[in-house]
Amino acid sequence: MDPDIPLYFVIGRGVLNGLTPYVDLFEWKPPGMFLLTAVSLLITGDQRFLSVLVVLALLCIALAPFLFVRHSSRGQSWNVNRLMVIGTALCCGLLLALYLERWATGMDTETFGGFLGVLYALSLLWQPRRPIRGTLVRALLLLGAIGLKEYYFFILFAVALLLTRDVKDLVKKFFLPLLFAAVLGAVLLFLLGFLHPYLTIYLPALLHQRLAQDPLRPLPILALDLYPLGFHLVNQFSSSRVLPLLLGSLFVLLPWLRSGRIEERSGWRMLLYVATGVIAGAFLFELMPALMTLNSIIRTGIVLPFSRSFSWGALIALGTSLLVLLYLQWRGHTLSHVLRGFFALFCVLYAIAGAGYGGNHFASAVPVYFALLLLGLRRAAEEKNSVFAWGLAVVLIAALLPYRTLADHWAMLEQNAGRARQAHDESIRKLDGLLDACRIDRYALLEHPLDLAFTRHSPWGPIVTFELNWYLDQNHPIMVETDHHLQEDSRLLLSAQSINSPVVDTFVREHFSEVAPECAKFFLPIGNYRVWFRK
């Protein structure tokens, strides 16, 4: 488990204990992960059920392209081209699953969101006999993904832009299911008793957190910057350096992949598509620093230093070239495909930038990568003796053969394994035993609950970990209520061996004592914690 997951289990336990997320225990995530952890605690008492779901999700993602190609080519005879495309599809899924495992390690939400996003992408190519059936399936998939993290709205919208035929198809397969998902989500939250705190506590706090980010770096401008995504794929997934080449090639060929027919002189068409993609990428690389500098001048009257310089001359030259290429795309009736691709990329960058550029945030783009691979595999399967199909196979082989799991990833897996219940079972049993023996219902915690996430008792809140909620000032109602519970209601407090804050140390020593009552002595010490009792 990575450091975020214990917090989800703390709130999942709170749900089982009758507490309400956001009211009694606050964390700025939608309720989907809290419900998953509550189910895992209910079934296995710890993280094991969720671990099984992670393995199944990764296996399904690995097999999804293979099953798609196998199903879509049922009527074709077996030949070398078909075998090659099916093998290529299997390699595609394996590579995506390896990438997702690397960057959403430890039962993170992106594993489950990626799985639901992959299913949503497949559902867009599914034509059920009853349209309402497809709408309901897509609504459930949208509800599940967005219920895990809100930015999957942008990710799955990008998937829909890539895989739907036209505006009517987009409305039918994204916006209509989204409406159904909103209604189903509201009903579910109402039945669980989460709807009012979700609307009145969580959403305002989430908006406040987004606005608390650097005002000189507004999200619409950040979302024009390709550099973080390119740097991540090239430098931070060094296990397979061919992946960015594969995804970039499929993206710049998007008009050809979406066109549905092989045009005459397709070689010239493909050259036009490649040139458009390359020039557009270079244009965005130049545009971003220019916009950031202009934005800084407008807001502050000064020019802030940036790591990448820009040239107005290069910007004008690239922009002019791009306009010419887009005109040629318009003449060739493929401009709509180009614009869809650009807007889909903008949505991906917007989601990642808004989340904060964490490694798991980059992993949220897996459904979009899967959609690109579906388009490539579908085109490869449609053609006989396709040069494109063979080229795709060669690139994938080059991506997988040198794949190596890096030493730092093994180290991270070992560290994450140390946060499971089994690693801290003794401390958990001691704390639960102490609380039961002394008839104390809840405890207060000054640290991140990495070691105590699986106790049967819940901590006082609503704020469980102060350092993760830096954007809430001391006068915020959530912080005021947390301070009240700490000062008035908590009978037991756990802290690290040293309390870094002099103010907190003074408060703790004034109201608590390390002298244990008789009911608690048998259970002490508890791990590396200092245990304080109300005076």
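Being a predicted model, the structure only gives us computed values, none of them experimental.
One side chain, D432 or H457, offers a donor N or O that lies under 3.5 Å from an acceptor on the other.
Looking only at distances, no side-chain donor or acceptor of S495 sits under 3.5 Å from a matching main-chain atom of L446. For R442 (side chain) and D489 (main-chain N/O), no donor-acceptor pair under 3.5 Å exists by modelled atom type. For R530 (side chain) and E514 (main-chain N/O), no donor-acceptor pair under 3.5 Å exists by modelled atom type. Checking side-chain atoms of K535 against main-chain N and O of R509 turns up a donor-acceptor pair under 3.5 Å. Although no hydrogens or angles enter the test, the distance criterion places a donor-acceptor pair under 3.5 Å between the side chain of R534 and the main chain of S490.
Taking the side chain as every heavy atom from C-beta outward, S51 and M107 approach each other to under 4.5 Å. For the pair P367 and Y120, the minimum side-chain heavy-atom distance is 4.5 Å or more. Looking at P449 and L7, their side chains come closer than 4.5 Å, going by heavy atoms from C-beta outward. Residues F523 and V531 form no side-chain contact, since every pair of their non-hydrogen atoms from C-beta on lies 4.5 Å or further apart. L229 places a side-chain heavy atom less than 4.5 Å from the side chain of F362. Residues L36 and L148 are in side-chain contact: their nearest non-hydrogen atoms beyond the backbone lie under 4.5 Å apart. Residues F153 and L178 form a side-chain contact, since some pair of their non-hydrogen atoms from C-beta on lies under 4.5 Å apart. Side-chain contact between L50 and F112 is present, with at least one heavy-atom pair separated by less than 4.5 Å.
Atoms CZ and CG, on F49 and L41 in that order, are 11.0 Å from each other to the nearest 0.5 Å. Between atom CG of residue L493 and atom CH2 of residue W460 there is a gap of 13.0 Å, rounded to the nearest 0.5 Å. Atom CG of L226 and atom CG of L349 lie 5.5 Å apart (nearest 0.5 Å). Taking CG of L136 as the start and CG of L184 as the end, the distance is 7.5 Å to the nearest 0.5 Å. Distance check: F9 CZ to T37 OG1 gives 6.0 Å after rounding to the nearest 0.5 Å. The distance from the CD1 atom of I132 to the CG atom of L176 is 7.0 Å, given to the nearest 0.5 Å.
Shown here for V15 and P21, the closest heavy-atom pair between the two residues is CG2-CG, 3.8 Å. Between T482 and I463, the shortest heavy-atom contact is OG1-N, 3.0 Å. The two residues A64 and V118 make their nearest non-hydrogen contact at CB-CG1, 3.9 Å. The shortest non-hydrogen separation linking I526 to S427 is CG2-O, 3.8 Å. Listed here is the closest heavy atom pair of A104 and E110: CB-CB, 3.8 Å. A pairwise comparison of heavy atoms in A145 and L156 identifies CB-CD1, 3.7 Å as the closest pair.
Using a cut-off of 4.0 Å between Lys/Arg side-chain N and Asp/Glu carboxylate O, R456 and D436 are scored as salt-bridged.
Residue pairs that meet the salt bridge (Lys or Arg N to Asp or Glu O under 4.0 Å) test with at least one member in residues 517-526, sequence neighbours left out, are E518-K521.
Under the 30°/60° scheme for interplanar angles, the aromatic rings of H511 and F507 are found to be tilted. Ring geometry, F174 versus F157: the interplanar angle falls from 30° to 60°, so the pair is classed tilted. Between Y151 and H361, the ring planes lie perpendicular to each other; the angle is over 60°, past the 30° to 60° tilted range. Ring orientation note: the planes of H232 and Y99 are nearly perpendicular, at an angle over 60° on the 30°/60° scale.
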(message) For a side chain to side chain contact (heavy atoms under 4.5 Å, CB included) check, start with the C-alpha distance between L100 and F115, then their side-chain angles and the critical distance, and finish with the verdict.
(response) CA-CA 10 Å; L100 185 60; F115 168 68; over 6 Å; no
(request) Decide yes or no on side chain to side chain contact (heavy atoms under 4.5 Å, CB included) for L492 and F533, but give the supporting numbers first. (result) CA-CA 5 Å; L492 180 76; F533 300 88; 3.4 Å; yes
(message) Using side chain to side chain donor-acceptor pair (under 3.5 Å), reason through N17 and S458 one step at a time and then give a plain yes or no.
(response) CA-CA 8 Å; N17 288 343; S458 295; 2.9 Å; yes
(request) Would you sort out whether D108 and I5 count as a side chain to side chain contact (heavy atoms under 4.5 Å, CB included), showing the intermediate values? (result) CA-CA 7 Å; D108 220 333; I5 307 303; 4.2 Å; yes
(request) Check step by step if side chain to side chain contact (heavy atoms under 4.5 Å, CB included) holds for V137 and W126. (result) CA-CA 11 Å; V137 168; W126 173 47; 4.0 Å; yes
Validation: residues 192-202 side-chain donor-acceptor distances under 3.5 Å, sequence neighbours left out:
residue : atom : partner : partner atom : Å
T200    : OG1  : H196    : O            : 2.6
Y202    : OH   : E150    : OE1          : 3.3
Y202    : OH   : E150    : OE2          : 2.4

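The disulfide (SG to SG under 2.5 Å) search around C519 returns C438, not counting sequence neighbours.
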